[in-house]
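Report on the structure given below.
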Amino acid sequence: MQRQKLVINGERLKTTLEQFANFGRTESNGVTRLSLSMEDIRVRDYFRLCCEELGLTVTVDDMGCMYATLAGIEDKPPILIGSHLDSVKKGGRFDGVLGVVTGLEVVRTIVENQIKPQIPITIVNFTNEEGARFEPSMMASGVLSGKFDKSAMLKKIDSEGVTFGEALKASGFEGEVENRLKEASALLELHIEQGPILEKEALSIGVVECVVGMACYEIEVTGESDHAGTTPMNMRKDALFATNNLINEIRRRLGVLDEDLVFTIGRMNVYPSIHTVIPNKVVFTLEARHKDMEIVRAVRNFIEALPNLTSLHEGCEVKTTKLWERDTVWFEPEICQLLEKSASSLGYSNRRMVSGAGHDAQFIASFVPTAMLFVPSINGKSHCEEELTTWEDCEKGINVLLDTVLTMLAK
């Protein structure tokens with residue numbers, strides 16, 4: 001006999017999300033809740049209270065990550081559900097927190113229906129996902145997965161000169177290393193898309209197959225400064241003109257490499273930045289993202305060949321430096337299939353997609369079977385006060401995760 005579909009309480013979800021948004025709510029209905037700030041400490045306290053009211057056991061590890069566990073019949077590795085509670089400055093009410101509240105609503109629904117799970121279910125709040133106060137982003141999950149060195153992370157400094165280690169100790173959320181996530185049956189993270197695709201295609205659910213690979217370079221163009229009024233055009237070594245030539249070539253070549261490739265020139269500094277002086281140096285960044293690492297490698301090869309395109313240099317020198325890169329992280333196919341099946345069985349329109357943004361799930365995927373789910377972002381807005389996802393879409397996303405968890409428990 002087919003299992004009757006359980007769904008969450010949509011009104012309770014809305015109330016809970018609004019309550020969480022009260023911790024750091026801005027005048028324009030956004031949220032500022034930097035990691036380990038007073039607003040973050042207060043929302044952590046509230047999260048702990050919500051969990052303890054459900055009878056969950058709450059522990060904290062040495063990076064401040066919180067784990068709230070509903071015991072199972074068998075003492076086996078838990079199913080993890082979660083994300084993060086910190087935000088960027090003047091961010092939105094949904095980024096990160098939706099994934100944590102998803103865990104709350106899933107467990108609330110299971111408890112109120114008197115379901116005793118076969119294995120534990122743990123709601124997790126990862127510390128400092130955004131990296132808005134302490135760089136880098138995804139700091140705690142990076143330490144848990146061995147991507148970052150803890151001692152180096154503890155020394156990271158915010159704009160006020162406070163180290164992450166000092167803020168962690170002062171917050172009261174410095175736990176024990178023994179409490180760290182070490183193994184789990186699965187990690188499920190629900191997140192807003194932070195892009196326009198689902199809304200444009202009028203779809204409710206995105207089953208995320210991977211977090212795309214990327215490469216980021218700094219390109220330095222060096223010319224000569226001369227007087228802007230007395231130097232003939234054919235005798236100049238104008239670094240900005242050369243940069244313009246390079247950017248045009250970058251757009252031309254990368255624009256036809258693959259339709260799913262995205263690339264951005266996000267930072268540019270021009271020197272000496274005086275209107276009467278020919279620029280003698282320009283430094284800019286070029287970042288590219290794609291799920292196929294062969295495409296990323298093709299981009300990398302093109303960027304590293306820019307110094308050889310002398311016909312574009314205007315007599316200037318060009319140097320490229322790789323700042324960082326990451327490989328595509330593919331999520332667990334079996335879990336992706338379960339999510340897709342649950343979405344379809346609930347009658348929700350859905351599609352497979354990729355994430356161009358980074359998430360804790362990509363690091364945790366290195367040692368835990370992991371998958372992600374997206375719900376639409378209106379106008380693709382995120383990391384801003386205008387960030388918005390409808391209550392109905394939030395509810396649908398959590399219903400899919402709930403159904404998937406119940407399927408996992410029934411196996």
Side-chain angles (χ1 to χ4, degrees), residues 2-18 20-21 79 81-84 91-110 186-212 260 291 331-357 359 361 370-384 386-408:
Q2 187 176 11
R3 169 173 54 82
Q4 183 179 358
K5 297 288 187 182
L6 286 182
V7 293
I8 67 163
N9 184 324
E11 282 302 313
R12 181 176 62 197
L13 167 64
K14 178 180 177 180
T15 299
T16 302
L17 284 170
E18 288 288 19
F20 271 79
I79 296 173
I81 307 170
S83 191
H84 61 96
R93 293 174 290 155
F94 300 89
D95 180 0
V97 66
L98 177 60
V100 177
V101 171
T102 292
L104 271 177
E105 286 303 315
V106 167
V107 172
R108 283 170 173 170
T109 305
I110 287 174
L187 168 67
L188 303 174
E189 182 174 356
L190 175 66
H191 208 281
I192 58 172
E193 181 191 349
Q194 301 180 284
I197 295 173
L198 289 174
E199 183 188 38
K200 180 181 179 181
E201 298 184 4
L203 299 174
S204 296
I205 301 294
V207 178
V208 184
E209 295 184 301
C210 68
V211 176
V212 300
D260 292 329
K291 66 181 180 181
F331 291 131
E332 185 66 33
E334 183 178 348
I335 304 178
C336 290
Q337 290 172 5
L338 288 176
L339 290 168
E340 189 173 50
K341 185 176 179 180
S342 289
S344 296
S345 69
L346 287 162
Y348 303 155
S349 56
N350 62 88
R351 63 162 286 177
R352 294 290 185 104
M353 61 192 310
V354 304
S355 175
H359 301 280
T370 298
M372 288 190 70
L373 206 65
F374 280 166
V375 287
S377 295
I378 294 177
N379 295 322
K381 294 286 188 179
S382 183
H383 279 191
C384 61
E386 294 81 14
E387 176 185 283
L388 186 62
T389 296
T390 67
W391 303 120
E392 180 184 10
D393 282 333
C394 291
E395 186 176 345
K396 287 180 178 179
I398 301 177
N399 282 336
V400 173
L401 242 71
L402 170 62
D403 187 74
T404 301
V405 168
L406 293 175
T407 300
M408 290 177 168

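The first residue of the sequence shown is numbered 1, and numbering continues consecutively from there.
V375 and G397 make their closest contact through CG1-CA, 3.7 Å (heavy atoms, listed as atom of the first residue, atom of the second, distance). Shown here for L187 and I81, the closest heavy-atom pair between the two residues is CD1-N, 4.5 Å. Residues E193 and P376 share a closest heavy-atom pair of OE1-CA, 4.5 Å. Scanning all heavy atoms of the two residues, the minimum distance from T407 to S342 falls at OG1-OG, 4.5 Å. Between L339 and A371, the closest heavy-atom pair is CD1-CB, 3.8 Å. Among all heavy-atom pairs drawn from C336 and V207, the shortest one is O-CG1, 3.6 Å.
D260 has no carboxylate O lying under 4.0 Å from a charged side-chain N of K291, or vice versa, which leaves the two without a salt bridge. No salt bridge links K381 with E386; every basic N to acidic carboxylate O contact stays at or beyond 4.0 Å. Salt bridge absent: E395 and K14 never bring a charged side-chain N and a carboxylate O closer than 4.0 Å.
Applying the 6.0 Å contact sphere to CD of E18 captures more than 12 heavy atoms from other residues, nucleotides or ligands.
Rounded to the nearest 0.5 Å, atoms CG (L13) and CD1 (I398) are 4.0 Å apart. Within the model, atoms CG of L203 and OH of Y348 stand 14.5 Å from one another, a figure rounded to the nearest 0.5 Å. Note: L388 CG to D393 CG = 10.0 Å, rounded to the nearest 0.5 Å. Distance check, rounded to the nearest 0.5 Å: OG1 of T404 to CD of Q337 gives 12.0 Å. Here the CD atom belonging to E199 is positioned 9.5 Å from the OG1 atom belonging to T390, to the nearest 0.5 angstrom. Considering CD of E340 and OG of S345, their distance stands at 11.0 Å, rounded to 0.5 Å.
Counting only heavy atoms from C-beta outward, the side chains of V106 and T102 approach each other to under 4.5 Å. The shortest side-chain heavy-atom distance between V100 and H84 does not fall under the 4.5 Å cut-off. Taking 4.5 Å as the limit, some side-chain heavy atom of E105 sits within range of a side-chain heavy atom of T16. The shortest distance between side-chain heavy atoms of I378 and T389 does not fall below 4.5 Å. No side-chain heavy atom of L6 sits less than 4.5 Å from a side-chain heavy atom of N399. Using a 4.5 Å heavy-atom threshold, the side chains of N379 and P196 count as separate. Side-chain contact between H191 and L98 is absent, with no heavy atoms from C-beta onward closer than 4.5 Å. Taking the side chain as every heavy atom from C-beta outward, T109 and N9 never approach each other to under 4.5 Å.
The side-chain hydrogen bond (donor to acceptor under 3.5 Å, both in side chains) check on S204 picks up K396, with sequence neighbours excluded. For R351, the side-chain hydrogen bond (donor to acceptor under 3.5 Å, both in side chains) test picks out E201, with sequence neighbours left out. Remark: F331 engages no residue in a ring-ring contact (aromatic ring centres under 6.0 Å, His included) (not counting sequence neighbours).
Remark: side-chain polar atoms of E209 are not paired, donor with acceptor, to backbone N or O of R352 under 3.5 angstrom.
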*Is there a side-chain contact (heavy atoms from CB on, under 4.5 Å) between L373 and V400 once you walk through the steps?*
CA-CA 9 Å; L373 206 65; V400 173; 3.6 Å; yes

*List the steps and the verdict of side-chain contact (heavy atoms from CB on, under 4.5 Å) for L190 and M372.*
CA-CA 6 Å; L190 175 66; M372 288 190 70; over 6 Å; no

_Steps toward side-chain contact (heavy atoms from CB on, under 4.5 Å) verdict (L198, F374)_ = CA-CA 9 Å; L198 289 174; F374 280 166; 4.0 Å; yes

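A side-chain N or O of S83 and one of E189 form a donor-acceptor pair less than 3.5 Å apart. Between the side chains of S382 and E387, at least one donor-acceptor pair of N or O atoms lies under 3.5 Å.
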